[in-house]
Number of protein chains: 2
Amino acid sequence: MGITQRKEREKEGMRQLILQAALGLFRDRGYDAVSIRNIAEAIEYSPATIYLYYKDKSEIFFALQYEAAALKRDHLLPVAAIENPWERLVEFGRRYVDFGFKHPDLYDLLFITRAPMEYVENQECWALGMATHSFFSETVQACVDQRYFKSTDTETIAYTLWCHAHGLVSLFVRERMRMYPEEKRQDLAQKSFSMIIKMAEHL
Amino acid sequence: MGITQRKEREKEGMRQLILQAALGLFRDRGYDAVSIRNIAEAIEYSPATIYLYYKDKSEIFFALQYEAAALKRDHLLPVAAIENPWERLVEFGRRYVDFGFKHPDLYDLLFITRAPMEYVENQECWALGMATHSFFSETVQACVDQRYFKSTDTETIAYTLWCHAHGLVSLFVRERMRMYPEEKRQDLAQKSFSMIIKMAEHL
DNA sequence: CAAATTTACTGAACACTGTTCATTTTTAAA
DNA sequence: TTTAAAAATGAACAGTGTTCAGTAAATTTG
């Protein structure tokens, strides 16, 4: 009786179809500027059909946010294999920024877009983000333990580095670097990342 | 013939009335969640009346953005009086962050909200922002000139410090600090600011 | 002061939005 | 082939930004 399995596959396929169409439209026009009718038109279904797979527009948003969180985790995963905590920290930062520049739409979804807060029950996504954050904190802690910093305030160190990385990416993502010529922006971000690493060495 | 003057005053008063109502609503509910009808209701006028003073919703947004830029300039203005460039730089940063925490809605308007890009003709606002940014850059340059840093890469230094400050404020403004207990957030930001200053001293 | 003119304002409409639901079409089971 | 279940939809509701013909108020003119 493989029919139910095929149905299940088709249902999942439809959910993915909706999600990918939504992601493309959200990226191009922003969450609010995209209507359910737009998404429906893109996948050549009636608007009402979408409500058979997602109970409302914000649920589509949350599904995308979860996918983004999973993709980000996968992007950062290889870092865990690095033994030396300092190298692990540097590579974590590099990959964090890299993820932001490669997937600005997903980064935006995760760290900038004002989420329809009502459903903080996006718990799976939240758990994913917390796990990543914990891994980051533990790496900083390992650096502290092994005397890579003079300071022992793990929390503040971790937060400070995160602030810089997030500022770096989000100024780019939300186009607040217009005072720099376009071809220079990535280069400047690169240099700034190197600089904060150098600064952190004397921390 | 003071009548035209009084009319002018009344017109300006009406514009301010609309702006302040809009700002309050935008702050509470966000730009997209606020309708022209909401604003009209708040000031007890018909929706159509608003279009006599602002040609569309985005023009209200831009007017607010300009006011925010002017307020931010005023908030940073006292810094210019500080002679010593390093002290000036530190105080600039402190006040920048302070502005963000005191006026998260305005900060959001200036540095996070995806502006309806069509009117980059918000030139007065852009000019204001650029002037502030230039002042910041020049302060960093003055520090470089007086050998406050080992590095001489003024542009990267300025950008790096800006990244941290912006990250600091925007993580707070867009509520990405939920992993820290609420009463700790401001304190952590304070500590992080001190830390980046310390780091900059060894730059 | 009354009439004419300019200014300020509004109600109704248009095309759009998210969402619901009765109805129809398609698919699977008997 | 009929019957039951699943999937898809058209039409509707209350909301949106925006426009415009028309009304009400204020000012200028005779």
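Computed from a predicted structure; not experimentally measured. The sequence lines fix the lettering, A, B, ..., with proteins before strands; numbering per chain opens at 1.
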Expressed as a whole number of angstroms, how long is the span from [X]:[atom1] to [N]:[atom2]?
{"X": "B:Y54", "N": "D:dG17", "atom1": "OH", "atom2": "C1'", "answer": "17 Å"}
{"X": "B:I39", "N": "D:dT16", "atom1": "CD1", "atom2": "P", "answer": "11 Å"}
{"X": "B:E41", "N": "D:dG15", "atom1": "CD", "atom2": "C1'", "answer": "13 Å"}
{"X": "A:I50", "N": "C:dG18", "atom1": "CD1", "atom2": "C1'", "answer": "11 Å"}
{"X": "A:I36", "N": "C:dG18", "atom1": "CD1", "atom2": "P", "answer": "5 Å"}
{"X": "A:E8", "N": "D:dA6", "atom1": "CD", "atom2": "P", "answer": "12 Å"}
{"X": "B:L52", "N": "D:dA24", "atom1": "CG", "atom2": "P", "answer": "17 Å"}
{"X": "A:D56", "N": "C:dT17", "atom1": "CG", "atom2": "P", "answer": "17 Å"}

Among the nucleotides [options], which one has an atom lying closest to any side-chain atom of [X]?
{"X": "B:K11", "options": "C:dA8, D:dT18, C:dT19", "value": "C:dA8"}
{"X": "A:T49", "options": "C:dA8, D:dT9, C:dT10", "value": "D:dT9"}
{"X": "B:A48", "options": "C:dT10, C:dC9, C:dT19", "value": "C:dT10"}
{"X": "B:Y51", "options": "D:dT9, C:dC9, D:dT18", "value": "D:dT18"}

Discussion item. Looking only at the side chains, is there a donor atom on one of A:E155 and A:Q141 sitting less than 3.5 Å from an acceptor on the other?
Written reply: no

Practice prompt. Please check if the side chain of B:D74 supplies one atom and the backbone of B:L71 the other of a donor-acceptor pair under 3.5 Å.
Written response: no

Discussion item. Tell me if the side-chain of B:R37 makes a donor-acceptor pair with the base of D:dG15, cut-off 3.5 Å, by modelled atom types.
Written reply: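 Answer is no: no donor-acceptor pair is held.
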
Worksheet item: Mind checking what makes side chain to side chain contact (heavy atoms under 4.5 Å, CB included) contact with B:A33, not counting sequence neighbours?
Response: B:R29

Worksheet item: Looking only at heavy atoms, what is the nearest atom pair of B:S192 and B:H164, with distance?
Response: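 The answer is OG-NE2, 2.9 Å.
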
Worksheet item: Taking the six-membered ring of B:Y31, is NZ or CZ of B:K57 closer than 6.0 Å to its centre and within 45° of its axis?
Response: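 The answer is yes; both the distance and angle limits are met.
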
Worksheet item: Quick one: is B:N38 getting a side-chain N or O under 4.0 Å of the D:dT16 phosphate, OP1 or OP2?
Response: yes

Worksheet item: Is any side-chain nitrogen or oxygen of A:Y45 closer than 4.0 Å to OP1 or OP2 of D:dT9?
Response: no

Practice prompt. Select from A:P47 and B:E10 the residue whose nearest nucleotide in DNA chain D is closer to the 5' end of that strand.
Written response: A:P47

For [X], answer base if it contacts any base atom (sugar-phosphate contacts may also be present), sugar-phosphate if it contacts only those atoms, and nothing otherwise; contact means non-hydrogen atoms under 4.0 Å.
{"X": "B:S35", "result": "sugar-phosphate"}
{"X": "B:D32", "result": "nothing"}
{"X": "A:Y53", "result": "sugar-phosphate"}

